[in-house]
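What follows is a single structure, written as structure tokens, with notes after it.
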Number of protein chains: 2
Amino acid sequence: MKGLGELERSIMDILWAHNAPLTAREVGRLIADRDLAPTTVMTVLDRLTRKGFLNRTRDGRAWRYKPGESRDAYVAELMLEALDMTGDRSAALTRFAQTVSGSEAEILRKALTELEEE
Amino acid sequence: MKGLGELERSIMDILWAHNAPLTAREVGRLIADRDLAPTTVMTVLDRLTRKGFLNRTRDGRAWRYKPGESRDAYVAELMLEALDMTGDRSAALTRFAQTVSGSEAEILRKALTELEEE
DNA sequence: CTCGGCCTCTACACGACGTAGTACTACTCG
DNA sequence: CGAGTAGTACTACGTCGTGTAGAGGCCGAG
């Protein structure tokens with residue numbers, strides 16, 4: 001799957017933060033602090049689409065982009081991918097469980113418990 | 001922290017699989033299927049050291065390399081790093097818990113339970 | 001018909017990584 | 001003691017991903 005670059009992630013963040021699909025121009029406006037050329041934003045949106053992170057639909061002459069999956073799903077995928085890198089998933093998982101903070105352990109526990117009940 | 005390249009990972013895998021620190025030559029022999037020049041292996045070992053993934057100590061004229069941390073620790077770190085990418089850690093964690101397979105959920109549960117008991 | 005906006009295509013610089021050569025040093029065997 | 005061998009450091013080059021953007025084409029509004 002592979003990680004994203006810095007700008008790519010910023011743009012994904014913007015799109016993840018909005019429910020509605022945005023046009024390149026709108027994204028450009030929202031990322032104004034970086035003072036990017038409009039074409040830069042378009043290029044990145046295009047690449048993200050090609051990579052499967054975004055879907056786009058026509059809106060007049062413009063495209064509207066929206067994320068293919070939620071940020072949470074993406075993060076979970078990244079975590080699983082990291083996990084795949086080890087020969088011993090069990091050891092890595094255990095290690096992970098030991099490493100997360102207490103409150104996060106709590107969240108995990110809760111999620112797992114709910115899982116069990118279904 | 002950043003991920004590793006393909007060759008870098010292969011080499012880390014070899015070192016992670018051995019308890020004793022290895023020399024460049026030894027690593028080269030163990031990775032023989034790729035038919036790499038000895039200098040290639042050295043260069044990569046050197047880069048990994050510079051990046052903090054390996055520690056090296058002298059052994060005569062040669063260096064012996066060993067991983068700075070276990071593979072499990074590395075994987076756990078990668079997972080945490082992915083987790084850091086989200087605004088809502090709780091949601092991502094929950095999602096993750098729901099995504100792992102049943103047996104892995106079991107492992108996680110167990111690790112978390114043990115944590116609790118300490 | 002013309003202008004402004006939006007698109008597509010193409011491009012370039014830079015850093016990471018795979019890959020390796022060259023040159024220097026020092027032990028080892030005859 | 002001289003030559004070969006192993007090991008090191010330094011340098012280099014091609015490729016790919018990513019940030020960044022220009023040039024030019026198409027189309028709807030006025």
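Fair warning: this is a prediction, and the values are worked out from it, not measured in the lab.
- The CD atom of B:E8 sits 8 Å away from the C1' atom of C:dA16 (whole-angstrom rounding).
- Formation of a donor-acceptor pair under 3.5 Å by the A:R109 side chain with backbone atoms of B:L112 is found in this model.
- Counting to the nearest Å, the P atom of D:dT18 and the CG atom of A:D46 are 14 Å from each other.
- Among the protein residues, A:R34 comes within range of the sugar-phosphate backbone only, with heavy atoms under 4.0 Å from sugar or phosphate atoms but none that close to a base.
- The residue B:R9 sits apart from the nucleic acid: no heavy atom pair falls under 4.0 Å.
- Residue A:G3 is classed as a sugar-phosphate contact, given heavy-atom separations below 4.0 Å to backbone atoms only.
- Of the candidates C:dC7, C:dT19, C:dT22, the closest approach to any side-chain atom of B:R47 belongs to C:dT19.
- A donor-acceptor pair under 3.5 Å links the side-chain atoms of B:R64 to the main chain of B:P21, judged by distance alone.
- For the pair A:M42 CE and C:dT8 P, the computed distance is 9 Å after rounding to whole Å.
- A straight line from CZ of A:R61 to C1' of D:dG28 spans 5 Å, rounded to a whole angstrom.
- For the pair B:L36 CG and C:dG21 P, the computed distance is 11 Å after rounding to whole Å.
- When rounded to the nearest whole Å, the span between CZ of B:R50 and C1' of D:dT11 equals 12 Å.
- For the pair A:L7 CG and D:dG19 P, the interatomic distance rounds to 5 Å; values are reported in whole Å.
- Straight-line distance from the CG atom of A:L45 to the P atom of D:dA21: 14 Å, rounded to whole Å.
- Among the atoms of the strands shown, only primed sugar atoms or phosphate atoms (P, OP1, OP2) are found under 4.0 Å from some heavy atom of A:R25.
- Taking only side-chain atoms of A:T39, from C-beta outward, the nucleotide of D:dA9, D:dG22, D:dT18 with the closest atom is D:dG22.
- Among the heavy atoms of the strands, none lies under 4.0 Å from A:T23.
- Comparing C:dT19, C:dG21, D:dG7 by their nearest atom to the side chain of B:A62 picks out D:dG7.
- The backbone N or O of A:N55 lies less than 3.5 Å from no partner atom in the side chain of A:W63, so there is not a single donor-acceptor pair.
- Taking every side-chain heavy atom of B:R58 into account, D:dA9 is the closest of D:dA21, D:dA9, D:dT11.
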